[in-house]
Asks: 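Before anything else, here's the structure in question.
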Number of protein chains: 2
Amino acid sequence: MEQHMHDHGSALDTARQGMPADELLCDLADLFKIFGDTTRMKILFSLFEEELCVNEITELLGMTQSAISHQLKVLKDSKLIANRREGKTIIYFLADDHVRSIVGQGYEHLTEENHYDENI
Amino acid sequence: MEQHMHDHGSALDTARQGMPADELLCDLADLFKIFGDTTRMKILFSLFEEELCVNEITELLGMTQSAISHQLKVLKDSKLIANRREGKTIIYFLADDHVRSIVGQGYEHLTEENHYDENI
DNA sequence: ATAATATATGAACACAAGCTCATATGAAAG
DNA sequence: CTTTCATATGAGCTTGTGTTCATATATTAT
């Protein structure tokens, strides 16, 4: 006698097939984790238009220079941004166009699905 | 005398122009935060192939039923998955094809840029 | 060399987030 | 209506993460 209405077993197997290796799943989550912070998201958006030095980003976001530097390090370590020295200042820029497309996808998801100030 | 080699001011203004509202930035970060956990990523991948009930996902991931339920709630609250009741079991499925494309973008970023077991 | 400017970094702290454990809900079977 | 099966949920604990504060490094100017 079947106790479930949908097949319990073949569905599991199919799901198991498509599951990537644990390491990749973990790396993937770690990548998205980088985008999962408002400060970092703001930094990325600011670099969408122009390359900027630390002080400029600090001003733009109205935060501590230290806080910005810490987040810049996170972003740089994950290869999403890169920097070059120019005299005393260090200029940061996007390392990769994937950043734009990933953030763009999320942006689309929000602006399409959700309704920002649509009656109230 | 200019103390900076790149223009400090117009770049800032340009960056300020393209910066979306704080609320949207925050929502965007919150969206990516959902993808930034291995357990949730595994759940999403498992639902890429088949719709599954809680017990199946629990088996598949080899975790506590409680842990899974908690994460399913997070995913459901953020509208990435949905569910329907079928007798005693509750079946979860992807709510949106954006999920596939967002995860797909991240996946591409990793598999293209990085080199998985490419000579060690 | 010394001072000034620009950025980076480590430690400490506060808060968020995920898991576990116990328990609650809800549907179906006896 | 009581029991069983499937899932949900709240509290507590533990770990992770972002910010601040103080300080270090690095480059340029005096």
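Keep in mind that what you see is a predicted model, and the values were worked out from it rather than measured.
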Asks: Ignoring backbone atoms, establish whether Gln71(B) has a side-chain N or O less than 4.0 Å from OP1 or OP2 of dC19(C).
Replies: yes

Asks: Does Thr39(A) make a side-chain N or O approach to OP1 or OP2 of dT19(D) shorter than 4.0 Å?
Replies: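 It does, given that an N or O in the side chain of Thr39(A) lies less than 4.0 Å from OP1 or OP2 of dT19(D).
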
Asks: Just to verify, what does Phe48(A) make a ring pair (Phe, Tyr, Trp, His ring centres under 6.0 Å) with, not counting sequence neighbours?
Replies: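 By the ring pair (Phe, Tyr, Trp, His ring centres under 6.0 Å) rule, Phe48(A) matches Phe45(A).
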
Asks: In whole Å, I'd like the distance from the CG atom of Asp30(B) to the P atom of dA17(C).
Replies: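 Spelled out: CG on Asp30(B) to P on dA17(C) is 8 Å.
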
Asks: Is a salt bridge present between Asp22(B) and Lys42(A), judged by a nitrogen-to-oxygen distance below 4.0 Å?
Replies: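 Salt bridge between Asp22(B) and Lys42(A), a charged N being under 4.0 Å from a carboxylate O: yes.
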
Asks: Counting only distance, no hydrogens or angles, is the base of dT7(D) paired donor-acceptor with the side chain of Ser66(B) under 3.5 Å?
Replies: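 Under the 3.5 Å cut-off, the side chain and the base do not form any donor-acceptor pair.
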
Asks: Starting at the 5' end of DNA chain D and moving along, which residue's nearest nucleotide shows up first, Gln65(A) or Asp37(A)?
Replies: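 The 5'-side residue here is Asp37(A).
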
Asks: Could you give the CG-to-P distance, from Leu61(B) to dT20(C), as a whole number of Å?
Replies: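 Taking atom P of dT20(C) as the reference, CG of Leu61(B) is at 12 Å.
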
Asks: Could you tell me how far apart Glu86(A) (CD) and dA6(C) (P) are, to the nearest whole angstrom?
Replies: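 In whole Å, dA6(C) P and Glu86(A) CD are 14 Å from each other.
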
Asks: Can you see if the side chain of Arg40(A) gets near the phosphate of dG18(D) - specifically, an N or O under 4.0 Å from OP1 or OP2?
Replies: yes

Asks: Taking CE from Met63(A) and C1' from dC21(D), how many angstroms apart are they, rounded to a whole number?
Replies: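 To the nearest whole Å, that distance equals 15 Å.
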
Asks: Take the protein atom NZ of Lys73(B) and the nucleotide atom P of dA17(C), then report the distance between them rounded to whole Å.
Replies: 14 Å

Asks: dA6(C) phosphate, OP1 or OP2: any side-chain N/O from Tyr92(A) under 4.0 angstrom?
Replies: no

Asks: Rounding to a whole Å, what distance do you find between Lys33(B):NZ and dC15(C):P?
Replies: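 The answer, rounded to whole Å, is 16 Å.
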
Asks: Just compare dA8(D), dA6(D), dA6(C) and give me whichever is closest to any side-chain atom of Thr89(B).
Replies: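 Looking only at side-chain atoms, Thr89(B) lies closest to dA6(D).
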
Asks: So which one's nearest nucleotide on DNA chain C is more toward 5', Ala67(A) or Ala67(B)?
Replies: Ala67(A)

Asks: In whole angstrom, what separates Ile57(B)'s CD1 from dC19(C)'s C1'?
Replies: 17 Å

Asks: Does the side-chain ring of His70(B) lie flat on the base of dT9(D), meaning centres under 5.5 Å and planes less than 30 degrees apart?
Replies: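 By the stated criterion, His70(B) and dT9(D) stack.
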
Asks: To the side chain of Val54(A), which of dA8(C), dA8(D), dT20(C) is closest?
Replies: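 Closest nucleotide among those given: dA8(C).
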
Asks: Which residue in the set Thr38(B), Leu110(B), Thr111(B) passes side chain to side chain contact (heavy atoms under 4.5 Å, CB included) when paired with Asp27(A)?
Replies: Leu110(B)

Asks: Does this structure show an ion pair linking Glu49(B) with Arg16(A), if we count only N-O contacts that are shorter than 4.0 Å?
Replies: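 A salt bridge is absent here (no side-chain N lies under 4.0 Å from a carboxylate O).
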
Asks: Whole Å only: how far is the CZ atom of Arg85(A) from the P atom of dT25(D)?
Replies: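 The distance from CZ of Arg85(A) to P of dT25(D) comes to 14 Å, rounded to the nearest Å.
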
Asks: dT20(D), OP1 or OP2 - any side-chain N/O from Thr64(A) closer than 4.0 Å?
Replies: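 Yes, such a contact exists.
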
Asks: Students often mix this up, so state it plainly: with edges at 30° and 60°, are the rings of Phe32(B) and Phe32(A) parallel, tilted or perpendicular?
Replies: parallel

Asks: How do Lys88(A) and Ile90(B) order along DNA chain D: which one's closest nucleotide is nearer the 5' end?
Replies: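 Nearest nucleotide further toward 5': that of Ile90(B).
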
